[in-house]
Amino acid sequence: MTTERGLYVHFPYCRRKCAYCDFNSGVASDAERHLYLQALAAEIAQSPPLPISTVYFGGGTPTLYEAQELAGVLEALRGHFAIAADAEITVEANPGTVALASLRLLRQAGFNRLSLGVQSLDDTELRLLGRVHTSTEAREAIAAARESGFDNLSLDLMRGLPGQTASQWESVLTQAVALSPNHLSVYGLILEPDTPLREQVEAGLLPTPEEEDAADWIRWTVDALAEAGYERYEISNYAQPGHRCRHNLLYWRDGEYVGLGAGAVSYLSGERRRNLVKATDYLAAALEQRGLVADSERLDPDTACGEAVMLGLRTTEGIAPQELTRRFGVDLRQRHKDLIARLVAGGLMLDDGVRLRLTFEGMLVQSAIACEFLP
């Protein structure tokens, strides 16, 4: 288990809901967004003042707020939590919601990592996804981020879109690499229920994304990014040396974290808690000083161990069974002796006697493999 502890702050508002998105986000009035900041301040004041190693402002679109407002939230966090001097402090942003002046203010306030939701550098694909920015605005945001002093820049990209060909994806990725981000998160599109994009595909208005060649696309992506100097360290994440996302690694290493905001999840001392999900419910409860927790559960050792395996097998570093035995009292090697042997023999897992790691082929079916380790 990592010794770091993370802090996540959720901002549930967007300028417009994207066609593929099922996140806890939506459009709201200026008045509601202003009240939300007051609700966050109230929750911060009620939270245990724990030591924190990483901070992550996510959403939604945090940068719908003015840079000074986000800086104010970060200042409140610093005043309450013991945030490490070398903390990684990330803010998510969408192109079109940031400019050179606002990014300079964010950098001066102490944000030292920027995650830009680019998704594509093709305007046709951006319109298909319902994004509010253009490829030109994405490039301008990247240039502004560099000029403002962000030397830890991550881009989100999405592959496997309806009608997208392998050559189109290769073009998008090649263009992204040419912009020299320090980190890339590459996600395969999932057609989530009750999203406009899925409804269009089901209605036959858009072609069904190709799945047969997904492995080839992923292998090309891994190889191309490796050649460009990006190490694959998690199923969907690639980094230049020294630029792995510490906050997300904390999740994958089954570390502790505090979640603030609507629907945010905390995991502390073996207990998982989730805040009220609907933003209006959350802010009303916070402002009225009522309880914010929608549900909670204390994980039994078997479940906690299974989840640690599930998370750890997402990473290229894998898991250390002996460490999990120490933490949870579960002898992973003995309990899953046959499963591990079968996965190794099938070329899906590597076992060096200390750590278990999935191979490239294993990562293609990581979810199915992880489920076999759950109680």
Indicate the ring-plane relationship of Y36 and Y13, choosing parallel, tilted or perpendicular according to the 30° and 60° boundaries.
perpendicular

Anything under 30° is parallel, anything over 60° is perpendicular, the rest tilted; go ahead and classify Y257 against Y267.
tilted

Lys/Arg-Asp/Glu bridge criterion (N-O < 4.0 Å) met for D295, R272:
no

Tell me if the centroids of the rings in H247 and F57 come within less than 6.0 Å of each other.
no

Quick one: does any side-chain atom of [X] pair with a main-chain N or O of [Y] as donor and acceptor, under 3.5 Å?
X    : Y    : answer
N94  : T97  : no
Q119 : L126 : no
T359 : G347 : yes

R139 vs Q175, side chain to side chain donor-acceptor pair (under 3.5 Å): CA-CA, chis, key distance, verdict
CA-CA 10 Å; R139 294 174 184 277; Q175 291 178 66; 2.6 Å; yes

Any chance you could measure S266, atom OG, to E256, atom CD, to the nearest 0.5 Å?
10.0 Å

Closest approach of M158 to W169 (non-hydrogen atoms, all atoms of both residues):
O-CZ3, 3.7 Å

Mind running ring pair (Phe, Tyr, Trp, His ring centres under 6.0 Å) on Y65 and F11 for me, showing each step along the way?
CA-CA 9 Å; Y65 287 94; F11 295 84; 5.6 Å; yes

So H183 and Q240, do their side chains get closer than 4.5 Å, heavy atoms only?
no

Set of side-chain contact (heavy atoms from CB on, under 4.5 Å) partners for A294, sequence neighbours left out
L276

Tabulate below the donor-acceptor pairs under 3.5 Å that side-chain atoms of residues 362-375 make, not counting sequence neighbours, or state none.
from, atom 1, to, atom 2, distance (Å)
Q366, NE2, M310, O, 2.9
E372, OE1, R342, NH2, 2.7

